[in-house]
Undergrad: 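Structure incoming, see below.
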Amino acid sequence: MERTGSRTGPPVRHSGLLAVLSAVLLAAGTLAATAPAAGAADADLARNGGFEAGLDGWSCTGGSGTAVSTPVHTGASALKATPVGSDNARCSQTVTVKPGSSYTLAAWVQGSYVYLGASGTGTTDVSTWTQSPGAYKQLTTTFRTGPATTSVTVYTHGWYGTPAYHADDLTLTGPGGDPVTVPATPAGLRSGAATASSVPLSWTASAGATGYRVYQGGTKVMDTTGTSATVAGLAASSAYSFQVSAVNAAGESAKSAAVSVTTAAGGGGGSDGGLPARALVGYLHSSFANGSGYTRMADVPGSWDVINLAFGEPTSVTSGDIRFSLCPVAECPNVESEAEFKAAVKAKQAAGKKVLISIGGQNGQVQLASTAARDTFVSSVSKIIDTYGLDGLDIDFEGHSLSLNTGDTDFRSPTSPVIVNLISAVKSLKARYGEDFVLTMAPETFFVQLGYQYYGSGPWGGQDPRAGAYLPVIHALRDDLTLLHVQDYNSGSIMGLDNQYHSMGGADFHIAMTDMLLTGFPVAGDQAKVFPALRPEQVAFGLPASTQAGNGHTSPAEVTKALNCLTKKTDCGSYRTHGTWAGLRGLMTWSINWDRFNNWEFSKNFDAYFGR
């Protein structure tokens with residue numbers, strides 16, 4: 001949340017990444033060129049390399065590929081594939097080969113940054129590329145298979161954010177391998193501990209399998225290359241049946257024996273903290289003034305169910321020592337005394353309202369990089385809660401408070417100290433104050449939904465290490481979390497589950513961003529690492545209360561459309577949600593002060609919608 005001004009998130013992918021990858025790929029191509037050439041009598045092993053039979057034999061990510069009649073290199077057809085968002089339009093096929101043999105891979109390509117490569121070689125995987133956007137150009141590389149390699153995957157792809165590319169006459173020449181047979185049916189399918197909305201599955205690997213398909217009630221729900229997967233977006237207290245099959249170039253095995261699982265009864269989430277079924281959350285500028293003016297606690301209308309005191313801030317970025325005090329009289333002439341403030345807090349609580357201390361904000365960078373900072377955080381936050389008699393904690397870490405160290409790639413088992421220590425600190429606070437402790441979080445979309453595309457610095461490095469950095473915190477604390485209200489403002493465009501970019505300011509953005517939290521999503525596109533859905537009672541979405549409060553203000557009419565779509569599946573526009581969530585908790589806004597400045601437009605619309 002911002003005291004003043006507005007901003008947008010920085011770009012995630014650094015321009016230096018392309019240069020690094022290019023150098024690596026060029027080096028790989030140089031090494032590959034020293035491998036022995038394939039024999040003259042060797043056959044072309046690629047299936048439908050001219051795309052004369054459409055995409056027969058080929059698999060293209062995200063439905064990115066199609067066969068077209070122009071432009072072609074030879075024949076009547078060629079491949080056209082279009083990168084979109086985080087999808088580089090990779091088209092591939094698996095080919096049977098002989099161990100310890102030499103192969104030459106070639107293709108004619110057209111477009112900027114077009115790649116040709118082979119993986120699973122058992123030696124050094126190879127790749128080559130061209131950035132020439134003009135006429136068709138031939139790419140060629142060679143490799144040798146390992147002593148146990150019986151199949152390789154050949155592929156072509158484009159690059160992120162570039163136009164469509166074309167490929168034609170792809171060949172793989174070398175000695176053919178023994179025929180591939182359909183893999184055996186996977187054995188040992190079992191489930192882990194189910195939450196209210198997700199079920200983890202695992203099974204035994206099948207010899208010869210290059211991938212697996214997971215079925216829910218006989219319908220395929222995901223593909224994966226590993227032997228585990230998490231099926232998300234399920235309903236609480238519901239019975240489900242799952243099966244899995246193995247696939248390779250020869251086809252798909254029979255489905256495994258089914259395993260039946262019943263999801264938890266509303267589990268996977270913490271106590272609701274005594275919140276009403278429909279909750280309106282607002283931030284109160286208690287420690288500072290800005291253009292909206294100071295609002296005394298006693299003057300906050302009864303519409304607000306959760307009042308977050310903005311802000312508790314650290315004495316230094318890494319100290320963990322959080323302090324909170326009321327706005328100075330020189331800055332806020334109408335500020336109440338501390339005794340009056342405490343009395344007003346008690347009055348709000350007597351009326352059923354919750355008052356929390358919000359830590360962070362735009363200016364309050366908090367990095368718990370050491371266990372000493374963690375312990376200081378716990379003791380100093382406890383002192384604030386006890387001093388003012390508060391109901392809990394709101395985590396509003398922004399800027400550079402949270403980031404993932406290089407190599408910290410799994411949100412389910414984080415290793416970065418600032419993440420691990422924050423999780424530990426919050427668990428300590430929860431244990432100290434008990435089940436009625438209210439825990440809310442207000443991350444920006446950059447730290448949550450962007451994780452669908454990018455997580456941390458990425459597999460090659462070069463991405464912003466803050467991308468998706470809230471996900472391990474939310475996941476580890478989901479049993480303690482009362483309410484998550486992501487800031488759907490001051491945000492760049494974010495990709496939704498429809499693989500389209502959505503921009504703030506209208507119903508569409510809130511629908512797409514909230515659908516991701518209530519459906520779950522694979523982190524950085526990895527189907528083996530699915531962030532499970534939250535319960536609808538744990539979710540609200542955040543908006544600016546007025547045009548002055550931040551970028552991305554949404555008119556009351558558009559807010560109503562978003563609520564209609566998410567809770568009733570009406571007024572959804574072009575985006576199609578993956579469910580209907582009548583139990584969605586409500587809305588959050590920055591801020592109560594700005595809503596007062598805007599004649600209470602935001603809170604009045606909320607009350608009118610829910611008939612309060």
Undergrad: Between Asp408 (side chain) and Leu404 (backbone), is there a donor-acceptor pair under 3.5 Å?
TA: no
Undergrad: Report the distance from atom OH of Tyr501 to atom CZ of Phe509, rounding to the nearest 0.5 Å.
TA: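 That separation rounds to 12.5 Å.
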Undergrad: Is a side-chain donor or acceptor of Ser64 paired with a backbone partner of Cys60 at a separation under 3.5 angstrom?
TA: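 It does not hold such a pair.
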Undergrad: Could you state the interatomic distance from SG (Cys91) to CG (Leu79), rounded to the nearest 0.5 Å?
TA: 4.5 Å
Undergrad: For Arg144 and Thr123, does a side-chain donor sit closer than 3.5 Å to a side-chain acceptor?
TA: no
Undergrad: Take Met513 and Phe541 through the test side-chain contact (heavy atoms from CB on, under 4.5 Å) and record every step on the way to the result.
TA: CA-CA 9 Å; Met513 296 301 99; Phe541 59 90; over 6 Å; no
Undergrad: Can you tell me if Asp125 uses its side chain to pair, donor with acceptor, with the backbone of Gly120 under 3.5 Å?
TA: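 Checked: pair present.
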Undergrad: Indicate the atoms forming the closest heavy-atom contact of Asn551 with Tyr489, along with that distance.
TA: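 In terms of heavy atoms, the two residues are closest at O-CB, 3.0 Å.
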Undergrad: Give me the ring orientation class for Tyr470 and Phe447: parallel if the planes are under 30° apart, tilted from 30 to 60°, perpendicular past 60°.
TA: perpendicular
Undergrad: Is there a side-chain contact between Arg478 and Leu534, using heavy atoms and a 4.5 Å cut-off?
TA: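 Yes - at least one pair of side-chain heavy atoms lies under 4.5 Å apart.
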Undergrad: Kindly say whether the aromatic ring centers of Trp159 and Tyr165 come within a distance under 6.0 Å.
TA: no
Undergrad: Could you tell me the separation between the CG atom of Leu450 and the CD1 atom of Ile494, rounded to the nearest 0.5 Å?
TA: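 One gets 5.0 Å once the value is rounded to the nearest 0.5 Å.
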Undergrad: For His578, does its backbone N or O pair with a side-chain atom of Asp515 as donor and acceptor, under 3.5 Å?
TA: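 Yes, Asp515 side chain to His578 backbone: donor-acceptor pair under 3.5 Å.
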Undergrad: Test the Arg412-Phe531 pair against the cation-pi criterion, namely NZ or CZ under 6.0 angstrom from the six-membered ring centroid and within 45° of the ring axis.
TA: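 No, Arg412 and Phe531 do not form such a contact.
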Undergrad: What is the distance from atom CD of Gln110 to atom NZ of Lys80, rounded to the nearest 0.5 Å?
TA: 11.0 Å
Undergrad: Would you call Lys569 and Thr577 a side-chain contact if the rule is heavy atoms closer than 4.5 Å?
TA: yes
Undergrad: To the nearest 0.5 Å, tell me how far Leu402 CG sits from Phe397 CZ.
TA: 6.5 Å
Undergrad: Leu105 and side chain to side chain contact (heavy atoms under 4.5 Å, CB included): which partner among Leu170, Thr156, Val126, Thr171?
TA: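 The passing option is Leu170.
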Undergrad: Please check: side-chain N/O of Asp168 versus main-chain N/O of His73, any donor-acceptor pairing under 3.5 Å?
TA: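 Checking the backbone N and O of His73 against the side chain of Asp168, a donor-acceptor pair under 3.5 Å is found.
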Undergrad: So, Ser256 side chain and Gln243 main chain: donor-acceptor pair closer than 3.5 Å or not?
TA: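 No.
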Undergrad: For Asp169 and Ala107, indicate whether the former's side chain and the latter's backbone hold a donor-acceptor pair under 3.5 Å.
TA: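 Side chain of Asp169 to backbone of Ala107, a donor-acceptor pair under 3.5 Å: no, none is there.
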Undergrad: State which residue, out of Asn248, Val247, Val182, fulfils the side chain to side chain contact (heavy atoms under 4.5 Å, CB included) condition with Ser253.
TA: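 Looking at Asn248, Val247, Val182, the match for Ser253 under the side chain to side chain contact (heavy atoms under 4.5 Å, CB included) is Val182.
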Undergrad: Could you check whether His502 and Tyr575 have their ring centres less than 6.0 Å apart?
TA: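 Ring-ring flag for Tyr575/His502: true, centres closer than 6.0 Å.
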Undergrad: Take Asp56 and Arg47 through the test salt bridge (Lys or Arg N to Asp or Glu O under 4.0 Å) and record every step on the way to the result.
TA: CA-CA 8 Å; Asp56 182 40; Arg47 175 180 171 185; 2.8 Å; yes
Undergrad: Please report the shortest heavy-atom distance between Leu139 and Leu116, naming the atom on each side.
TA: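 What the structure gives for the nearest pair is O-CD2, 3.5 Å.
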Undergrad: How close do Val231 and Met222 get, heavy atom to heavy atom, and via which atoms?
TA: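 Smallest heavy-atom distance, with atoms named: CA-CE, 4.2 Å.
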Undergrad: Can a donor-acceptor pair be found between the side chains of Ser503 and Ser493 at a distance below 3.5 Å?
TA: yes
Undergrad: Taking Asn48 for its side chain and Phe51 for its backbone only, find out whether a donor-acceptor pair lies under 3.5 Å.
TA: yes
Undergrad: When rounded to the nearest 0.5 angstrom, what distance separates CD in Gln138 from OG1 in Thr128?
TA: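 Atom-to-atom, Gln138:CD and Thr128:OG1 are 11.0 Å apart.
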Undergrad: Identify the heavy atoms of Thr82 and Ala164 that sit nearest to each other, and give their distance.
TA: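 Closest approach of Thr82 to Ala164, heavy atoms only: OG1-CB, 3.3 Å.
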Undergrad: Check the pair His166 / Val68 against side-chain contact (heavy atoms from CB on, under 4.5 Å), numbers first and verdict last.
TA: CA-CA 9 Å; His166 295 81; Val68 296; 4.0 Å; yes
Undergrad: Looking just at side-chain N and O atoms, do Asp44 and Thr173 make a donor-acceptor pair shorter than 3.5 Å?
TA: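 Not at all, the side chains of Asp44 and Thr173 share no donor-acceptor pair under 3.5 Å.
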Undergrad: Just by distance, no angles: are the side chains of Ser245 and Glu252 close enough, under 3.5 Å, to form a donor-acceptor pair?
TA: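 There is such a pair (donor and acceptor under 3.5 Å, judged by atom type) between the side chains of Ser245 and Glu252.
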Undergrad: Nearest heavy-atom pair of Gly496 and Met516: which atoms, and what distance?
TA: CA-SD, 4.0 Å
Undergrad: Taking the side chain as C-beta and beyond, is there a heavy-atom pair between Val259 and Leu201 under 4.5 Å?
TA: yes
Undergrad: Is there a donor-acceptor pair under 3.5 Å between the side chain of Arg213 and the backbone N or O of Val244?
TA: no
Undergrad: What's the shortest heavy-atom distance between Gln449 and Val486, and which atoms?
TA: OE1-CG1, 3.6 Å
Undergrad: Are Val199 and Tyr240 close enough, and set up right, to give a side-chain contact (heavy atoms from CB on, under 4.5 Å), and what steps lead you there?
TA: CA-CA 9 Å; Val199 173; Tyr240 293 92; 5.6 Å; no
Undergrad: Can you check whether Trp108 reaches Val72 side chain to side chain, under 4.5 Å on heavy atoms?
TA: no
Undergrad: Thr145 side chain to Lys98 main-chain N or O, any donor-acceptor pair under 3.5 Å?
TA: yes
Undergrad: Between Phe521 and Tyr452, what is the ring plane arrangement, given parallel below 30°, perpendicular above 60°, and tilted in between?
TA: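 Answer is perpendicular, since the angle exceeds 60°.
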Undergrad: State, yes or no, whether a side-chain contact exists between Tyr215 and Ser241 at a heavy-atom distance under 4.5 Å.
TA: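 Contact flag for Tyr215/Ser241 side chains = no.
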Undergrad: Are Thr153 and Arg90 side-chain neighbours, meaning at least one heavy-atom pair lies under 4.5 Å?
TA: yes
Undergrad: Would a 4.5 Å heavy-atom cut-off, applied to side chains only, mark Phe411 and Ile419 as touching?
TA: no
Undergrad: Does Ser403 reach the side chain of Ser416, with side-chain heavy atoms less than 4.5 Å apart?
TA: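 Answer no - side chains too far apart.
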Undergrad: For a side-chain contact (heavy atoms from CB on, under 4.5 Å) check, start with the C-alpha distance between Asn405 and Thr415, then their side-chain angles and the critical distance, and finish with the verdict.
TA: CA-CA 8 Å; Asn405 291 352; Thr415 58; 5.6 Å; no
Undergrad: Using ring centroids (six-membered ring only for Trp), state whether His157 and Tyr115 fall under 6.0 Å.
TA: yes
